[in-house]
Amino acid sequence: MNSTLKTAFERSALPRSGTLVAFAEEGAALGPLASQLDKAAKGQVTRAMKAAAFEGKKEQVLDLVAPGGGLDRLILMGLGKADALTAREIELLGGAIAGTLQAAKARTATVAPLHGLKAVKEDEASALMASGASLRSYSFAAYKTKKGGKTPVLEALTLLSGDAAAARKAFVPLEAVRDGNHLARNLVNEPANVLHPVEFAARAKALAKAGLQVDVLSPAQMKKLGMNALLGVAQGSEHEARLVVMRWNGGKKGDAPLAFIGKGVTFDTGGVSIKPAAGMEDMKGDMAGAAAVTGLMLALARRKAKCNVVGAIGLVENAIDGKAQRPGDIVKSMSGQTIAVLNTDAEGRLVLADVLWYIQDRFKPKFMVNLATLTGAMMVALGKEYAGMFSNNDDLANRLFASGGATGEKVWRMPLAPEYDKLIDHDVADMKNIGGRYGGAITAAQFLQRFVNNVPWAHLDVAGTAMDSTKTPLNQSWASGWGVRLLNELVARHYEG
Ligand code: BES
Ligand code: MN
Ligand code: ZN
């Protein structure tokens with residue numbers, strides 16, 4: 001489905017054919033391999049650098065065809081100051097390398113090792129470049145019938161390193177996270193006629209072969225549990241709701257699990273409070289929170305994370321037929337609290353209300369983090385660069401913030417406060433599902449908090465970052481898979497071993 005780049009790690013030596021990607025630092029200082037080539041080609045590389053005013057500055061690229069030494073092509077990438085490069089910048093560089101090679105229509109290439117680094121070891125740097133390049137080398141081609149056409153795609157990358165075995169080993173967990181990220185992107189890109197709740201549940205179930213324990217609850221089982229808030233959203237659809245619980249038990253037996261919860265609205269028409277036509281097609285991505293949780297669970301299983309984790313996704317289609325929920329209907333949630341559904345388009349919080357309650361009740365987790373494409377208001381506040389974060393726990397919030405900086409999947413903390421509660425109180429029911437004109441992302445979060453007891457919890461509103469977000473060196477697709485890398489980092493930094 002997605003074209004996965006093949007990567008190999010080899011001992012560093014100047015290749016004698018094909019395309020080589022090599023590096024230069026600011027001041028036009030060539031790295032060892034490029035400089036070796038320059039000597040073999042009697043200064044041709046240095047001459048070209050001068051002629052093109054290439055100085056090795058960050059993001060400068062020089063593409064030399066037939067540079068000598070038998071090579072077809074030398075692509076020189078500027079590093080700026082190598083000793084200032086961080087792990088994140090090196091991964092982004094890998095993405096930029098893949099982008100440059102794609103633009104140059106190269107099918108295969110060799111990448112020189114990075115030298116002169118301070119913060120990162122050379123073999124790790126090769127693994128990080130491989131990670132960046134393979135995150136970037138994604139396209140959703142499932143519905144293109146003219147097989148590949150004539151555009152060559154980057155198929156394989158060989159990364160050179162002083163210690164190829166160490167680089168290969170460092171790449172193993174990164175590859176697992178890449179797979180999780182690409183799975184999430186695939187799920188978000190799938191159209192809603194294909195990926196309805198039953199199909200999504202089947203795809204999650206298939207992850208059992210990766211070592212996850214996957215349980216799928218039917219509407220009858222959810223009804224028995226009292227999940228009327230979730231079921232009310234699904235009642236106007238041809239497609240039945242599903243609740244999927246994925247478990248990874250890589251930690252000590254009996255250790256409380258970490259819990260990740262995703263909004264999985266496979267299509268959001270708005271229901272009877274129907275959405276306007278323009279742009280409604282984007283609502284196939286209203287399950288991006290669930291996709292990220294699913295991708296995260298695959299990544300954790302693939303890299304055999306040393307912790308116990310529960311991933312739960314509430315899958316419904318918010319559609320409209322004669323049985324659809326009406327504005328003004330009152331539902332009783334699993335928690336026992338009643339909700340007046342004043343707007344059927346504020347459906348995500350209804351789904352999450354029951355899933356959050358169920359997970360905290362059944363698994364007594366160490367914390368819960370939920371992801372949801374919950375409100376347009378979140379995008380109004382933060383645009384498409386940061387996701388909004390709401391939390392009842394400073395430690396959890398700070399950890400998420402730091403993991404966001406490390407992965408580039410950044411979160412910005414927003415307020416929760418009892419003063420907002422009056423905006424969602426209702427005269428007949430315990431609460432209503434909309435807050436009014438102002439602070440729409442906050443009142444949504446405040447609503448969710450009513451279904452969380454004292455467990456540390458964070459809600460990430462990913463409406464702006466999960467789809468149609470800014471193109472980056474690591475992603476050019478409509479779906480970003482946002483959240484997989486962030487939450488993997490959170491787990492790896494704080495909750496293993
Ligand atoms: N899924 C939408 C939010 C959304 C909109 C996500 C655009 C991504 C892009 C959500 O279910 C929704 O419709 N929210 C409403 C809430 C309102 C009715 C209180 C919104 O934001 O307009
Ligand atoms: Mn909606
Ligand atoms: Zn929605």
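Note that the structure is a prediction, hence the values are computed from the model and not measured. Remember, it's 1-based here, ligands and their atoms both numbered in the order they're listed.
- Shortest non-hydrogen contact noted between Leu315 and Ala290 is CD2-CB, 4.3 Å.
- An angle of 170° is found at the Zn ion (ligand 3) between Asp268 atom OD2 and Lys263 atom NZ, rounded to 10°.
- Among Tyr143, Tyr138, Trp478, the one residue that satisfies the side chain to side chain donor-acceptor pair (under 3.5 Å) test with Asn189 is Tyr138.
- The OE2 atom of Glu347, the Zn ion (ligand 3) and the OD2 atom of Asp286 define an angle of 100° (nearest 10 degrees).
- With ring centers used as reference points, Phe367 lies under 6.0 Å from Tyr495.
- For the residue pair Asn181/Arg185, the side-chain donor-acceptor check at 3.5 Å is satisfied.
- In Asp268, the N, O or S atom that comes nearest to the Mn ion (ligand 2) is OD2.
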Can you list every pair where an N/O of ligand 1 is under 3.5 Å from an N/O on the protein?
unit_1	atom_1	unit_2	atom_2	d
ligand 1	1 (N)	Lys263	NZ	3.3
ligand 1	1 (N)	Asp268	OD2	3.3
ligand 1	1 (N)	Asp286	OD1	2.8
ligand 1	1 (N)	Asp286	OD2	2.9
ligand 1	1 (N)	Thr373	O	3.3
ligand 1	11 (O)	Lys263	NZ	3.2
ligand 1	11 (O)	Asp268	OD2	2.9
ligand 1	11 (O)	Asp345	O	3.1
ligand 1	11 (O)	Glu347	OE1	2.8
ligand 1	11 (O)	Glu347	OE2	3.0
ligand 1	13 (O)	Lys275	NZ	2.8
ligand 1	13 (O)	Asp345	O	3.0
ligand 1	13 (O)	Asp345	OD1	2.8
ligand 1	13 (O)	Asp345	OD2	3.2
ligand 1	14 (N)	Leu374	O	3.4
ligand 1	21 (O)	Gly376	N	2.7

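- Metal site remark for the Mn ion (ligand 2): Glu347 contributes an N, O or S atom at a distance under 2.8 Å.
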Verify salt bridge (charged side-chain N to carboxylate O under 4.0 Å, His left out) between Arg450 and Asp421, making sure each step is shown before the conclusion.
CA-CA 10 Å; Arg450 293 188 177 197; Asp421 265 330; 3.2 Å; yes

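- Taking both residues in full, the closest heavy atoms of Val491 and Cys307 are given as CG1-SG, 3.5 Å, listed atom of the first, atom of the second, then distance.
- Side-chain polar atoms of Arg413 and Asn398 form no donor-acceptor pair below 3.5 angstrom.
- Using cut-offs of 30° and 60° for the angle between ring planes, the His459 and Trp457 rings count as parallel.
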